[in-house]
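Worksheet for the structure shown next.
Worth saying up front: this structure is predicted, and the values here are computed from it rather than measured. Whatever order the structure lists ligands and atoms in, that order sets their numbers, starting from 1.
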Amino acid sequence: MELSKEFEQKFRSAKSVCVLTGAGVSAESGVPTFRGGGDTTAVWKGMPFDQISSARMVSENLAEVWEWFDYRRGVLSKCTPNPAHETLAKWEQDFSEFTLVTQNVDGLHARAGSKNVIEVHGNINRSRCLGCGVRFDMDVGSVPHTPVKCNECSGNLRPDVVLFGEMLPAGVFEEAVEKAAVCELFFVIGTSALVYPAASLPEIAKRNGAYVVEVNPEKTPLSELCDESFRGRAGEILQEITRVF
Ligand code: APR
């Protein structure tokens, strides 16, 4: 894999680095992506995933939503972090200012050792009370989910994941925007860049002068904006970059 002189210079000199990841970064761990590359799980019991994973479904049929999420939690519990997750956890140590923003709810970045992860779409191993808003961490693979009711107010619990038709949790995205706006080097890894506002982060970084690098086997709507695109699998490419330095 050829690394341009400009990329080498940026990677060597960068003090502040920000990374946005999507489902593609977990594809090599066996986690199905939603749209491109890897196998997709578009349908659950005849419903498209953006119907079963919707705020409307939580109000109409919470039990069905939990069955779908417990199924996904079961699949994910058998998955382990891959070299892409591990490399990003290492980069967190190497760069003085390093921020990892993920759209993934699988928790694999944290399981790989990343500490400073902004989960803009929530986490599948956490639930939230519909009544009082208290959050509960669930052990990876603890299917079916527990607790079933809120220990504080006995309210119903829902997955602490951003569902279709919902806003991102307050403050979380704003923190990601702040980091994207001041970084010198921005990586966008394994995302189809179709879902906003997450897909706006590379644009914000670019507008503020960052060098933007895409890692994806396929072209995306962001490719034109990027200063450099590495076409291939994240696990291999990130290891290759680290090997060079
Ligand atoms: N390495 C890097 N990229 C990969 C790999 C890989 N091994 N395998 C697939 N990809 C790329 C695909 O080419 C595609 O561009 O990962 C991208 C996955 O795109 P999506 O499935 O659309 O996932 P993502 O962009 O994360 O979706 C955003 O949409 O469904 C919602 O909330 C969900 O967070 C998700 C959001």
Side-chain angles (χ1 to χ4, degrees), residues 1 19-44 47-58 65 68-69 72-73 75-76 79-88 100-109 112 117-126 158-169 172-173 176 186-203 212-226 228-242:
M1 180 178 80
V19 176
L20 172 67
T21 64
V25 88
S26 294
E28 292 151 76
S29 297
V31 182
T33 60
F34 297 93
R35 297 168 193 85
D39 61 0
T40 59
T41 57
V43 177
W44 170 257
M47 286 181 277
F49 74 87
D50 51 12
Q51 182 188 341
I52 182 66
S53 285
S54 66
R56 190 159 145 229
M57 202 67 185
V58 164
V65 171
W68 156 240
F69 274 88
R72 292 176 67 195
R73 294 180 59 243
V75 170
L76 285 173
C79 301
T80 54
N82 68 60
H85 299 109
E86 286 146 10
T87 303
L88 292 170
L100 176 54
V101 183
T102 189
Q103 298 168 85
N104 301 344
V105 298
D106 58 31
L108 288 175
H109 283 301
V117 185
I118 301 177
E119 297 175 311
V120 290
H121 292 161
N123 187 307
I124 202 165
N125 288 312
R126 214 169 40 230
R158 54 156 287 165
D160 190 28
V161 166
V162 177
L163 301 173
F164 282 86
E166 292 186 326
M167 303 285 287
L168 272 57
V172 173
F173 188 69
F186 190 101
F187 285 89
V188 50
I189 307 174
T191 181
S192 57
L194 295 171
V195 174
Y196 281 73
S200 70
L201 292 170
E203 297 161 355
V212 180
V213 178
E214 180 179 52
V215 178
N216 195 315
E218 295 172 11
K219 269 187 91 171
T220 71
L222 274 175
S223 300
E224 299 311 315
L225 168 142
C226 294
E228 198 143 351
S229 288
F230 294 118
R231 293 274 163 255
R233 295 156 34 109
E236 291 150 18
I237 289 179
L238 296 189
Q239 279 189 298
E240 184 61 19
I241 292 172
T242 304

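Ligand 1 has no N or O atom lying under 3.5 Å from any N or O atom of Gly22, backbone or side chain. The distance criterion of under 3.5 Å between nitrogen or oxygen atoms is not met by Ala27 with respect to ligand 1. Close N/O approach between His121 and ligand 1 is found [any backbone or side-chain N/O within under 3.5 Å]. For the pair Phe49 and ligand 1, the shortest N or O to N or O distance does not fall below 3.5 Å. Annotation: Thr220 places no N or O atom under 3.5 Å from an N or O atom of ligand 1; distance criterion only.
Contact annotation for Phe164 and ligand 1: only side-chain heavy atoms (C-beta onward) come within less than 4.0 Å of the ligand.
Remark: the Thr220 side chain and the Ser192 side chain contain no N/O donor-acceptor pair separated by less than 3.5 Å. Residues Gln239 and Thr87 have side chains that never bring a donor and an acceptor to within less than 3.5 angstrom of each other. When only modelled atom types and interatomic distance are considered, His85 and Ser26 share a side-chain donor-acceptor pair under 3.5 Å.
Each of the atoms 2 (C), 3 (N), 4 (C), 5 (C), 10 (N) of ligand 1 lies under 4.0 Å from some heavy atom of Pro217. Contact atoms of ligand 1 toward Ala23: 23 (O), 24 (P), 26 (O) (distance under 4.0 Å to a heavy atom of the residue). The ligand atoms of ligand 1 that sit less than 4.0 angstrom from a heavy atom of Glu28 are 1 (N), 6 (C), 7 (N).
Nearest-residue assignment for atom 14 (C) of ligand 1 (options Thr33, Val162, Leu238, Asn216; heavy-atom criterion): Asn216. Among Val25, Thr191, Val195, the residue whose heavy atom lies nearest to atom 36 (C) of ligand 1 is Val195.
Between Val19 and Thr102 there is no side-chain heavy-atom pair separated by less than 4.5 Å. The closest side-chain heavy-atom distance from Ile189 to Thr191 is not below 4.5 Å.
Of the charged side-chain nitrogens involved, none lies within less than 4.0 Å of a carboxylate oxygen, so that Glu214 and Lys219 do not count as a salt-bridged pair. A salt bridge links Glu119 with Arg126: the closest approach of a Lys/Arg side-chain nitrogen to an acidic carboxylate oxygen falls below 4.0 angstrom. Looking at Arg231 and Glu218, no side-chain N of the basic residue comes within less than 4.0 Å of a carboxylate O on the acidic one, giving no salt bridge.
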